[in-house]
Amino acid sequence: MILTFVEHEAGVPEDTTLEALTFARDVADQTDSAIEAVVFGDEGPAVADEVGAYGVGAVHAVSHPDLDTYAPEAWGESVSQLVDELSPEAVIAPGSDRGHEVLAHTAAKRDLAMAANCLEVEAGDSYELTRQRWGGTLLEHARLSGETKLLSAAPNEISAEPADDGGEAAVQEFEPDLEESDLRVQISSIEESDEEGIPLGEARTVVSGGRGVGSPEGFDKLEELADLLDAAIGSSRAAVNEGWRSHDDQIGQTGTKISPKLYIPCGISGAVQHMVGCKGAENIMAINTDPEAAIIQKAEYAVIGDLHEVVPELNEAIREETGQ
Amino acid sequence: MDVLACLKRVPETGAKIVLTEDQQDIDTTNLGFTMSPHEECGIEEAVQIAEETGGSATALTLGGEEAKEQVRTALAMQADDGVLLEKDGAEWDPQNVAAAIANYIEDRMAEDGFDLLVFGNESADAGNYQVGVRVAEQLDLPIVTSIKDLEVNEEAGTVTAEREVGGGSEVYELDLPAVVAVKEGLNEPRYASMRARMRARKQTVESVPVEKEHEAGLEKVRLETPEKDEGTAEILGEGPEAVPEIMRVLRELEVL
């Protein structure tokens, strides 16, 4: 059996969880195993309604009187106790903040190896797997061994697909045996963001600037373009390091990952760390003075020219066309 | 407060990653080295906390002799002490890395100890997302990961840590001593002046030899650069003359 860690919002599984379930099904098919899921919170039945279609036969709904919010160590301990009870051959989590955090606790508690951000698995006594390094710019072929294989599925890489023979998932309650120390870390409060505008990670169109913008003021015309296109504005790490933009705007391996329909990088050369952040973009339209720039090689559309000349004229043309 | 921040030496990759012939590593013949970006913020945070509380900041890495270069960068950023857990040979798996770091800290905890341990959320190169958690578990300390805001309350003996989530942030409060795994954006790392670099070059970096504890459960077999469909960009034109073509594409993609 393969146990999958489900993240959900009010009973609706996150996209990365559906991807992880699809990934888990591939592994399960290879070893002729069943898929079951572990869910925290009171929404076990609601989650079961959703994940049955992905081939999950049973949902283990974890509840405990002292467990009413996210508590990474307690969750990791609970998963570990489920492993004792169910002896799954593998535990698979989405490659998210919580997925990695919970799985790492389980791994440490059981002294098991763990492989993060996997793309493919060839399951046997040990797992021959492909995983992401450098945020996905490099692939690693690795061997994962241990009594229970612990792995996360790389987010936004596997397309989530329901099973051909999906059905209903049964719900089984599970109450872990938790000590006070397991609960020492948990969410104490949640703060709402006061940021205005479209969040970068969710925007349908993104305009961004890099070293080629040249100054903080240089971003004014890009802001204008973003306004005209109802787009979010981003930047490269270089522009953040120069102090022109805040880190919240940074697109890349150590910044925000975007997946818009159109991405318009201006004056960005396209270092691998930046490309990792925008590989989810459907279309890239690069504006750059250097026809040899890496970003041009990876773009669908390219404009060879100085953004300081191109963007103001473009803004004018959009204003004329849309009457803004 | 005494803070320990861990860092990793990684190559400074450019627009293209080239592998060695045996596909075991990145070819670094023409590359410089740096520390992972998350960890640079970890060092900065440690130094700031030490400055505010009149304590100390220690920078630690596990690696070969050459990794002293990055420890010295941390010293130039005003860390007080530097430690190299010195290993030789190829890359270690995360379980062995965590065990070696935790063993060292355990010894130190018996003496003067640390109030706070800071890790990068994941290394820029291997990206295993687990070393900090494993160290915390071995030392039986509380840990929270993916942190982009940190505030120490020395009097209350706590640290408040925030994690960004869609539309806001989750707030965690941990009793000290504690462990945090941080992300870039936590702060703006200072630029080490030439003078500070010169001074750091003369400082001693404590070197402690370490051995692997057990067989690797996660073994690297080989690396591969993913295939990319490159060079297919449709050139819309040069300079402002491209604007009509840009407008056509914007219309086609329905973003206007």
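Below, chain A is the first sequence line, B the second, and so on; all start at residue 1.
Side-chain N or O atoms of Arg131(A) include one that pairs as donor or acceptor with a backbone N or O of Gly127(B) at under 3.5 Å.
A perpendicular orientation is assigned to the rings of Tyr172(B) and Tyr70(A), their planes being inclined by more than 60° (bins at 30° and 60°).
Interface residue Gln95(B): only side-chain heavy atoms are found under 4.5 Å from chain A. Residue contact with chain B, scored on non-hydrogen atoms closer than 4.5 Å, involves the backbone and the side chain of Met114(A) alike. Contacts between Thr254(A) and chain B at a heavy-atom distance below 4.5 Å involve backbone atoms as well as side-chain atoms. Looking at Gln273(A), only its side chain comes within 4.5 Å of chain B, counting heavy atoms on both sides. For His247(A), the part lying near chain B is the side chain, with the backbone staying farther off; criterion is any non-hydrogen pair under 4.5 Å. Heavy atoms of Glu73(A) lying under 4.5 Å from chain B belong exclusively to its side chain. Of the two parts of Leu223(B), the backbone and the side chain both hold a non-hydrogen atom closer than 4.5 Å to a non-hydrogen atom of chain A. Contact of Ala126(B) with chain A is made through backbone and side chain together, with heavy-atom distances under 4.5 Å. With a 4.5 angstrom heavy-atom cutoff, Ser189(A) touches chain B via backbone and side-chain atoms both. Contacts of Asp97(A) with chain B are made by both backbone and side-chain atoms, with heavy-atom separations under 4.5 Å. Looking at Asp230(A), neither its backbone nor its side chain comes within 4.5 Å of chain B, counting heavy atoms on both sides. Contact annotation for Glu321(A): only side-chain heavy atoms (C-beta onward) come within less than 4.5 Å of a heavy atom of chain B. Contacts of Glu215(B) with chain A are absent, with no heavy-atom separation under 4.5 Å from either backbone or side chain. Heavy-atom distances place no part of Ile284(A) under 4.5 Å from chain B, backbone and side chain included.
The side chain to side chain contact (heavy atoms under 4.5 Å, CB included) test with Tyr301(A) singles out one residue from Ile235(B), Val249(B), Ile246(B), and that residue is Val249(B).
A donor-acceptor contact under 3.5 angstrom links the side chains of Glu101(A) and Thr145(B), judged on distance only.
Contact annotation: the side chain of His100(A) never approaches that of Val133(B) to less than 4.5 Å [non-hydrogen atoms, C-beta and beyond]. Side-chain contact between Thr13(B) and Leu138(A) is absent, with no heavy-atom pair separated by less than 4.5 Å.
Note: His38(B) leads His38(B), Glu173(B), Glu241(B) in heavy-atom pairs under 4.5 Å with chain A. Counting heavy-atom pairs under 4.5 Å between each of Val311(A), Asn117(A), Val185(A), Ile190(A) and chain B puts Val185(A) at the top.
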